[in-house]
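Basis for what follows: all heavy atoms, side chains included, without hydrogens, waters or symmetry-related copies. In the text below, chain A, chain B and the rest are named by the order of the sequence lines, each starting its count at 1.
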Protein chains: 2
Amino acid sequence: MSNGNTFKQQIFTQFARVGKALSNSNRLELLEFLAQGERCVESLARVACLPVANVSQHLQQLRQAGLVVSRKEGLKVYYQLSGDDVACLFKTLCQVAEQHLADVNQLVSNHLFTKDRLEPVPREELFNRVRDGQVVAIDVRPTLEYAAGHVLGAVNIPLDELEQHLEGFDPKQEIIAYCRGPYCVLAFDAVVKLRQKGLKARRLEDGYPEWKLAALPVEES
Amino acid sequence: MSNGNTFKQQIFTQFARVGKALSNSNRLELLEFLAQGERCVESLARVACLPVANVSQHLQQLRQAGLVVSRKEGLKVYYQLSGDDVACLFKTLCQVAEQHLADVNQLVSNHLFTKDRLEPVPREELFNRVRDGQVVAIDVRPTLEYAAGHVLGAVNIPLDELEQHLEGFDPKQEIIAYCRGPYCVLAFDAVVKLRQKGLKARRLEDGYPEWKLAALPVEES
DNA sequence: CTATTATTCAATTAATCACTTGATTAGCAG
DNA sequence: CTGCTAATCAAGTGATTAATTGAATAATAG
């Protein structure tokens with residue numbers, strides 16, 4: 001029957017279902033996208049550069065593990081995380097990996113810290129300074145993700161469109177960029193571009209999912 | 001070379017290493033034992049009812065995922081969690097599973113809540129009332145685990161030895177039992193036995209690992 | 001109705017994983 | 001040295017998994 005005969009075996013087999021869902025790199029990437037907000041299968045497949053059928057299968061595995069839920073609207077099926085606790089689990093997993101795996105540190109050092117070795121802005125600081133109009137917060141994620149939910153007061157300038165907006169910034173005002181999370185390159189690339197133009201730019205610590213998890217004010221559609 | 005060519009693929013492949021470590025029920029059980037404190041391979045194999053070679057392999061996988069560290073002392077190799085964040089990750093995983101998997105709820109209902117449907121005692125309450133001498137806290141885990149670390153002020157009465165101590169309790173004083181965690185049967189079985197003897201007994205919420213994680217006072221060897 | 005789009009299903013392949021078994025290594029005692 | 005114990009290693013198995021492919025289904029538009 002269901003794996004194992006003792007209660008203990010059975011319950012750990014259940015816990016392992018969640019672990020299994022977290023054991024594939026493509027599924028973890030899908031989870032990060034879903035942490036930004038609800039998305040349909042085809043949209044996820046496009047942004048993750050994976051075949052639709054493959055994404056569909058991964059999403060079903062995530063659903064069977066209880067990590068995502070779906071709803072159908074017309075032709076499309078929209079998936080989202082089944083709760084904040086799932087975003088928290090994902091975050092904790094990444095933190096443990098960064099803490100204890102040398103390879104993660106090396107990757108982060110080589111690919112991210114080479115772009116920006118400045119301390120990121122704490123969430124509370126951004127919250128206070130945006131409220132007081134001292135800084136401008138920019139959300140450099142794609143418009144779809146911004147639309148699904150973003151930091152209250154942030155303006156959306158997807159990284160690909162940043163070039164066109166460079167002239168519009170006041171050189172005296174500090175710009176704080178954020179994206180999908182601490183391992184997303186978008187905000188790193190954004191501050192590099194902004195600084196090349198002589199603008200004052202820093203990154204927010206982490207990204208939108210962590211902001212939302214911290215119960216800071218957001219705008220959702 | 002190392003899985004994938006883009007930074008994103010590489011970093012998620014690293015995160016998946018941690019997920020993979022959490023994807024096997026026997027490894028999760030080993031993690032729960034290790035959350036009680038340091039243990040050697042043979043001792044883990046005995047308590048988990050698994051072949052030593054199998055346990056050794058699982059522990060090496062956990063180590064490669066950064067979740068445990070080991071030290072050698074004489075003939076024995078002692079393993080322990082590599083940090084509190086690992087215990088936190090394990091706890092979060094179990095909570096997500098309980099929150100979103102119906103099978104977990106059913107297992108808990110059938111095997112645990114049938115023994116004790118009373119609300120468990122919050123940690124802070126136990127802390128205050130033990131300090132004031134209003135209750136007696138008993139640790140019903142095996143002596144080995146108690147020795148590795150326990151709630152400050154708790155006395156060790158392994159479940160198998162509880163029978164012999166039943167006469168020693170003051171019927172007026174409430175007894176609060178704890179064990180390895182919220183999915184461990186030991187404390188449930190203990191309160192059942194105590195109540196059958198007419199004693200006032202309740203469970204602590206969760207177990208020793210969560211107490212320690214909450215930075216409440218512990219005694220360690 | 002037919003065509004189109006989004007998603008899922010089903011079958012296949014290659015790769016990985018879990019567990020068992022027996023051999024091997026490392027440390028220690030006599 | 002020999003014998004003993006704890007742990008690891010190495011090989012082999014059967015099972016599970018990931019990704020690909022092409023077909024099937026469902027909802028909608030014309």
Using whole Å, report how far [atom1] of [X] lies from [atom2] of [N].
X: L59(B); N: dC19(C); atom1: CG; atom2: P; answer: 13 Å
X: N24(B); N: dT16(C); atom1: CG; atom2: P; answer: 18 Å
X: R63(A); N: dC9(C); atom1: CZ; atom2: C1'; answer: 13 Å
X: Q61(B); N: dC9(D); atom1: CD; atom2: C1'; answer: 14 Å
X: L50(B); N: dA7(D); atom1: CG; atom2: P; answer: 14 Å
X: Q64(A); N: dT17(D); atom1: CD; atom2: P; answer: 11 Å
X: Y78(A); N: dA6(C); atom1: OH; atom2: P; answer: 10 Å
X: E42(B); N: dA26(C); atom1: CD; atom2: C1'; answer: 16 Å

Original post:
So which one's nearest nucleotide on DNA chain C is more toward 5', L75(A) or V55(A)?
Top reply: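 Closest to the 5' end, via its nearest nucleotide, is L75(A).
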
[X] vs [N]: side-chain N/O to OP1/OP2 distance below 4.0 Å:
X: N54(B); N: dT20(C); result: yes
X: S56(A); N: dT8(C); result: yes
X: H58(B); N: dC19(C); result: yes
X: Q57(A); N: dT20(D); result: no
X: R27(B); N: dC17(C); result: no
X: N26(A); N: dA19(D); result: yes

Subject >> Contact nearer the 5' end of DNA chain D, comparing K72(A) with S23(A) >> reply: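 Its nearest nucleotide lies further toward 5', so the answer is S23(A).
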
Original post:
Which part of the nucleic acid, if any, lies within reach of Y79(B) when heavy atoms closer than 4.0 Å are counted: base, sugar-phosphate only, or nothing?
Top reply: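 Sugar-phosphate contact only.
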
Original post:
Contact class for E73(B) (heavy atom, under 4.0 Å): base, sugar-phosphate, or nothing?
Top reply: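 Counting heavy atoms under 4.0 Å across all strands, no contact is made by E73(B).
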
**OP:** Give, for atom CZ of F15(B) and atom SG of C94(A), the distance between the pair rounded to the nearest 0.5 Å.
**Re:**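 Answer for the CZ-SG pair, F15(B) versus C94(A), is 4.0 Å.
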
Subject >> Within 45° cone of F188(B) ring axis and under 6.0 Å: R203(B) NZ or CZ >> reply: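 Flagged: R203(B) positioned over aromatic ring of F188(B).
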
Subject >> Presence of salt bridge, K91(B) and E210(B), under 4.0 angstrom >> reply: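 Result for this pair is no, no salt bridge flagged.
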
**OP:** Mind telling me whether Y146(A) and H150(A) have parallel, tilted or perpendicular rings, with 30° and 60° as the class edges?
**Re:**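 Parallel.
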
Original post:
Just checking, any donor-acceptor pair under 3.5 angstrom between side chains of Y208(B) and D139(B)?
Top reply: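 No.
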
